[in-house]
Amino acid sequence: MYEQVSHSLLNDILIELKLKKGHQELQHFYTRLGANFYSIHSLFSNLYGEREDFNQHMQRLVETMLRQYVNRPAHLKQTDLSREKNHSWFLSQKWVGMALYCDGFSDDLKGVQSKLSYLQDLGANLIHIMPICDCPEDKNDGGYAVRDFRQIDSRFGTLEDLEELANSLRQRDMLLTLDVVVNHTSEEHEWAIKARQGDPIYQDYYFTFDDRQIPDIYEETMPEVFPEIAPGSFTWNEEMGKWVMTVFNYFQWDLNYKNPAVFIEMLDILLFWANRGADILRLDAVAFLWKKMGSSCQNEREAHLILQMLKDCCQVTAPGVLFIAEAIVAPNEIIKYFGEDAINAKECEIAYNATLMALLWDAVATRNATLLNIGIQNIPEKLERATWLNYVRGHDDIGWGFSDTDIIAAGYDPSRHRRFLVDYYTGNFANSRAKGFAFGVNKKTGDARISGALASLAGLETALIEQDNVAIECAIKTIVLLHSVILSFGGIPLLYYGDAIGTLNDDSYLSDTNKSNDNRWIHRPKMKWDRAELRKVQGSIEHKLFTALKKIIAIRKEVSAFADRNNRELINVDNPHLFVFSRFNQTGSQSRVLVIGNFDAQPQLLNLSQLKPMGFFQYESAKDLCTGEIVALSEETLTVPALSFYWLET
Ligand code: GLC
Ligand code: GLC
């Protein structure tokens, strides 16, 4: 949009920057800057307009976008141009992701590269490598306490190794996702060191206070993220003689986005990684970006404005790069990280579907899909050019983040139901084989989350100890059933390394004093490659799981109705154990797939007469895309086997 005030400022800035590059070379930069500048300027003045040095910051912002554009490698600029032409490319069903720790999956970046064939064997073609930036060896929260945002941790390799990996991925038509920890730095980051030494410029990069007065006011309304291992949200720093805001661990200092210099620094870092070949950037803990006294300091409006600015600026320099929002918050809040009131995602194109994840675990524990159905029904419709990251397990704990209203509608009491879930997953409930651990137990609120490997939560570990073959089969079925949902739901499925071979809890972290107080490490194992080899041995658990997942991944990629075009219809059926939805092609109803999942350990009946008026089951039989089997529909009911699913072409 053309608007006089911002445009004349932009002209002044461009004159000031004395551009040396020829017009031809910067052509795309200019058109994108022209398109987004009004928006960038409005947002920037909304947040920082009162400051006397506003214009200087605005100039530094443009200079940053320009410098990184000039630095952007030619092949990435080419990718930007082709993605502009096909701007919904990431909604395709052909993408299947896997999240992994560089050192957990292999030893280092070179090692990851040498293991790409394993991912290709499974069918994963998007990798999310957990944070690889330089961190202190001891206090690093699994890489989420960054000491240097532009260096790769020497344990993982070098920038050249990453570049080689990015090249190799590109040749294999695979996507690279990198983490950018935008909310905080390590206490050992150079900015924090300068702040500790008393430099007021860098103290203003963080939230620092001489006494407890303001921290006390903040803490009246701020929930604790790690109540057991890092209670409170502020830490006293002796060297600085001040309190500093530390929402997560005491060694993770929250960045102060009220300071425009922080915004510009972090944008520069995002663009730095975009220029190293990341296709997607995962923005960590985005819900926490803006702090306001008297609020929970999560999901604040200004946090959204910051993300909109990051997106607008990234589009100028590296428009082909997508953002993932890691905002593990209430369902009606998560959706806002796509950007509201816009057709295109205006913040992050992709967001973790934490709601679906938690609801799936609810369905497993209750063997009932009632809350799952209600919860999914109540997720607001998302934007067109935006998609979910659907996952069952990841590197973090499972929080019971669905809404109380939905729990009540499902017929449960919210706090009792959440307590049941914790009991169930810690194995403290009759007939529960789950082997998880309570995490983040908050004595004040009674809240608790769950740690544990997928296979152990699904009962495989206990079943193996009990040598109970029936229970082993149940666990395998549960694992495949959960994946069948994330593969068909709509969005990018994100598997977690180790899950395709049924990796169990790994308690080796207990002997590491830097990790032993954080039981999320129980599900951050070292990949067991000897076990992975067993995927080739008929009859092994690894083989059963791997081949089942590999098969449905391959099928997903062939079914165009599984692309995410807001083409899902949830179907309420009268059997509470079943989760049923249809996926359809917007262009015609021929290619419609009916997904039916049975969360019960007994076979369940689906009443066909309910679905016939909707145009399903018009013939005597239907084909199950997963098995190729023709399912007879001559009766009025369809039997869905225990802990199983159908992808019916109907
Ligand atoms: C994110 C990460 C989590 C980490 C936290 C603090 O939520 O996923 O592992 O502890 O941020 O950085
Ligand atoms: C909380 C935060 C989330 C973080 C997690 C780490 O759920 O909301 O961002 O990943 O804690 O355990």
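Below, all heavy atoms of this structure are taken into account, side chains as well, without hydrogens, waters or symmetry copies. One-based numbering, in listed order, for ligands and for the atoms of each.
Ring geometry, Y118 versus F105: the interplanar angle falls from 30° to 60°, so the pair is classed tilted. The aromatic rings of Y218 and F207 sit perpendicular, their planes meeting at an angle over 60°, well past the 30° parallel limit.
Close approach of ligand 1 to R520 is summarised as follows: ligand atoms under 4.0 Å from at least one heavy atom of the residue are 3 (C), 4 (C), 9 (O), 10 (O). Listed by atom number, the atoms of ligand 1 under 4.0 Å from F248 heavy atoms are 5 (C), 6 (C). Close approach of ligand 1 to D396 is summarised as follows: ligand atoms under 4.0 Å from at least one heavy atom of the residue are 2 (C), 3 (C), 7 (O), 8 (O), 9 (O). Ligand 1 places these atoms under 4.0 Å from at least one heavy atom of Q252: 6 (C), 12 (O). Every atom of ligand 1 is numbered from 1 in the order shown, and the set under 4.0 Å from a heavy atom of F226 is 10 (O). Ligand-side atoms of ligand 1 in range of D141: 4 (C), 5 (C), 6 (C), 10 (O), 12 (O), range being under 4.0 angstrom from any heavy atom.
Neither side chain, N514 nor Y509, offers a donor N or O lying under 3.5 Å from an acceptor on the other.
A cation-pi geometry, defined here as NZ or CZ lying under 6.0 Å from the six-membered ring centre and within 45° of its normal, does not hold between R418 and F420.
Neither the backbone nor the side chain of Y352 comes within contact range of ligand 1; no heavy atom lies under 4.0 Å.
With distances taken over non-hydrogen atoms, the option nearest atom 12 (O) of ligand 1 out of E326, H184, R282 is H184.
Side chain of Q252 to backbone of Y144: a donor-acceptor contact under 3.5 angstrom is found.
Within 6.0 Å of the CG atom in L510, the count of heavy atoms belonging to other residues, nucleotides or ligands exceeds 12.
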